[in-house]
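Structure, as structure tokens:
Worth knowing before you read on, the calculation uses all heavy atoms, side chains too, and leaves out hydrogens, waters and symmetry mates. Residues take their numbers from the sequence shown, with the count starting at 1.
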Amino acid sequence: MAEQLYKIGKVSELTGLSVERLRMWEQRHEIRPTKKVNRIRFYDDDQLTKLTLIKELIDQGFSIGELKDLSVNELKPLLGRPTKFHQDSELSIVLVGDTWNFEDSKSSSRYDLSARFLTLESYWDWATNEPHVNYDALVLLITSLNVEKVDEMTSALDVPVFVVYKYASESDLELAREASVYVAKMQDTNWQSMIDVIFDHVVTEDDSYTEYRSFDDEQLEHLRRCKTNERVEPEDFVEIIYRQRAMIDHLSRTTDSAVDIAVVEAVKTAENSMERALQSIADKHQLLV
């Protein structure tokens with residue numbers, strides 16, 4: 001009997017893990033598909049089972065770092081077991097730098113600070129000596145944006161890094177964009193905004209824009225010419241969706257701060273909602289049969 005194989009899109013559908021997250025895990029955690037044919041990824045039944053368990057355990061509070069090297073038989077007993085770092089919060093953060101009264105002292109059940117360090121050097125000593133400690137994100141508070149130093153000390157990490165700086169040059173910001181480093185100017189953001197940004201990229205990573213796209217260009221062009229004799233026609237929704245997609249593409253290329261990231265996410269949410277509305281109209285009037 002031929003081996004059952006699944007394309008990455010089908011694995012995403014069956015497991016609830018986004019395509020983007022599966023690709024990221026392949027690069028960062030070596031959770032690789034069974035094989036690739038012309039860049040198309042194929043997963044087998046064992047991988048599908050393991051990924052399904054990992055998704056359930058991450059929803060339960062475990063991190064991918066804790067799970068990636070475990071077998072299916074090792075993963076199953078963890079279901080329903082309390083986790084070490086995520087029992088009372090959704091997000092575990094390590095904070096590096098002088099807080100400058102930036103960190104909000106109010107407690108929140110949304111996240112916990114696993115560790116604090118005054119300098120990158122002290123953090124690096126800890127990270128290299130305590131590699132088993134898992135956390136979801138690293139936040140750096142720095143006076144001058146030195147991208148080369150940040151990249152040198154964080155490039156080996158498998159967690160996202162968010163940098164809040166006081167001063168930077170245009171060349172510093174350009175280097176940050178090229179290195180895909182998330183940066184925000186101290187004067188333009190605050191602690192709660194930063195937490196929201198981290199949640200958008202870590203906790204709600206599966207709610208990605210591409211996963212919610214209901215229509216391809218051919219379907220949109222078909223719906224553009226359909227008439228329903230209602231107050232708002234499909235054509236009106238199609239025009240808005242095209243504009244939103246163009247805006248998202250443009251903003252995504254120029255994003256360099258927490259504020260920009262928040263704007264992109266807001267437009268993505270709006271575009272997703274517009275597609276759902278168009279889908280409802282298409283279903284009601286049977287426009288895609």
Side-chain angles (χ1 to χ4, degrees), residues 7-13 16-24 39-40 137 160 162-164 168 170 173-185 187-190 192-289:
K7 292 183 179 179
I8 192 169
K10 188 64 176 179
V11 172
S12 174
E13 177 186 334
L17 294 165
S18 70
V19 171
E20 287 78 6
R21 178 172 282 194
L22 290 168
R23 287 172 177 163
M24 181 185 71
R39 301 183 67 180
I40 300 176
F162 301 85
V163 180
V164 180
E170 184 55 42
L173 296 176
E174 182 62 31
L175 284 174
R177 285 191 288 269
E178 292 176 357
S180 297
V181 176
Y182 292 106
V183 296
K185 191 172 183 178
Q187 296 89 326
D188 295 336
T189 189
N190 58 49
Q192 291 305 319
S193 295
M194 182 56 60
I195 294 298
D196 290 340
V197 168
I198 297 172
F199 265 83
D200 285 340
H201 285 80
V202 178
V203 177
T204 59
E205 186 180 25
D206 285 339
D207 295 329
S208 60
Y209 165 64
T210 54
E211 292 301 297
Y212 283 128
R213 275 196 173 180
S214 302
F215 307 104
D216 57 31
D217 289 341
E218 290 182 349
Q219 291 171 321
L220 288 176
E221 286 303 311
H222 166 73
L223 291 169
R224 190 206 292 267
R225 70 174 185 80
C226 292
K227 300 297 181 181
T228 63
N229 295 320
E230 294 194 355
R231 288 178 296 175
V232 181
E233 294 288 356
E235 177 183 8
D236 301 314
F237 287 91
V238 171
E239 291 297 331
I240 295 172
I241 289 169
Y242 275 141
R243 288 178 179 273
Q244 289 172 321
R245 288 186 179 182
M247 188 180 299
I248 290 165
D249 290 340
H250 171 69
L251 292 173
S252 297
R253 290 194 299 271
T254 58
T255 296
D256 64 1
S257 73
V259 174
D260 291 339
I261 294 169
V263 171
V264 172
E265 294 303 319
V267 178
K268 287 180 180 180
T269 300
E271 198 273 347
N272 293 334
S273 298
M274 194 60 62
E275 289 216 27
R276 290 190 181 97
L278 181 57
Q279 184 68 64
S280 298
I281 292 175
D283 292 343
K284 177 182 177 181
H285 296 279
Q286 297 184 325
L287 303 180
L288 288 170
V289 296

Leu278 CG to Ile281 CD1 distance, which is reported to the nearest 0.5 Å: 6.0 Å
Nearest heavy-atom pair of Asp217 and Tyr242: which atoms, and what distance? O-OH, 3.7 Å
Return yes if some donor-acceptor pair links the side-chain N/O of Gln219 with the main-chain N/O of Asp216 below 3.5 Å, else return no. yes
Does Glu178 have any side-chain contact (heavy atoms from CB on, under 4.5 Å) partners at least two apart in sequence or in another chain, and if so, which? Glu174, Leu175
Listed by chain and number, what are the side-chain hydrogen bond (donor to acceptor under 3.5 Å, both in side chains) partners of Asn190, not counting sequence neighbours? Ser193
Before giving the answer on side-chain contact (heavy atoms from CB on, under 4.5 Å), spell out for Arg245 and Glu275 the whole-Å C-alpha distance, their side-chain angles and the decisive distance to 0.1 Å. CA-CA 11 Å; Arg245 288 186 179 182; Glu275 289 216 27; 2.7 Å; yes
Could you walk me through whether Gln244 and Lys268 pass the side-chain contact (heavy atoms from CB on, under 4.5 Å) test, one step at a time? CA-CA 8 Å; Gln244 289 172 321; Lys268 287 180 180 180; over 6 Å; no
With a 4.0 Å cut-off, would you call Glu233 and Lys227 a salt bridge? no
Search all heavy atoms of Thr189 against all heavy atoms of Met194 and return the closest pair with its distance. OG1-N, 4.2 Å
By salt bridge (Lys or Arg N to Asp or Glu O under 4.0 Å) - contacts of Lys10 (at least two apart): Glu13
Would a 4.5 Å heavy-atom cut-off, applied to side chains only, mark Leu223 and Phe237 as touching? no
Residues in side-chain contact (heavy atoms from CB on, under 4.5 Å) with Glu230, at least two apart? Thr228, Lys284, His285
Among residues at least two apart in sequence or on other chains, which ones pass side-chain hydrogen bond (donor to acceptor under 3.5 Å, both in side chains) with Arg224? Glu221, Glu239
Out of curiosity, Leu220 CG to His222 NE2, how far, rounded to the nearest 0.5 Å? 10.5 Å
Restricting to non-hydrogen atoms, name the atom on Leu22 and the atom on Ser12 that form the minimum distance, rounded to 0.1 Å. CD1-N, 4.1 Å
Who are the side-chain hydrogen bond (donor to acceptor under 3.5 Å, both in side chains) partners of Asp283, not counting sequence neighbours? Gln279
Gln286 side chain to Ala282 backbone, donor-acceptor under 3.5 Å: no
Could you tell me the separation between the CD1 atom of Ile40 and the NZ atom of Lys7, rounded to the nearest 0.5 Å? 5.0 Å
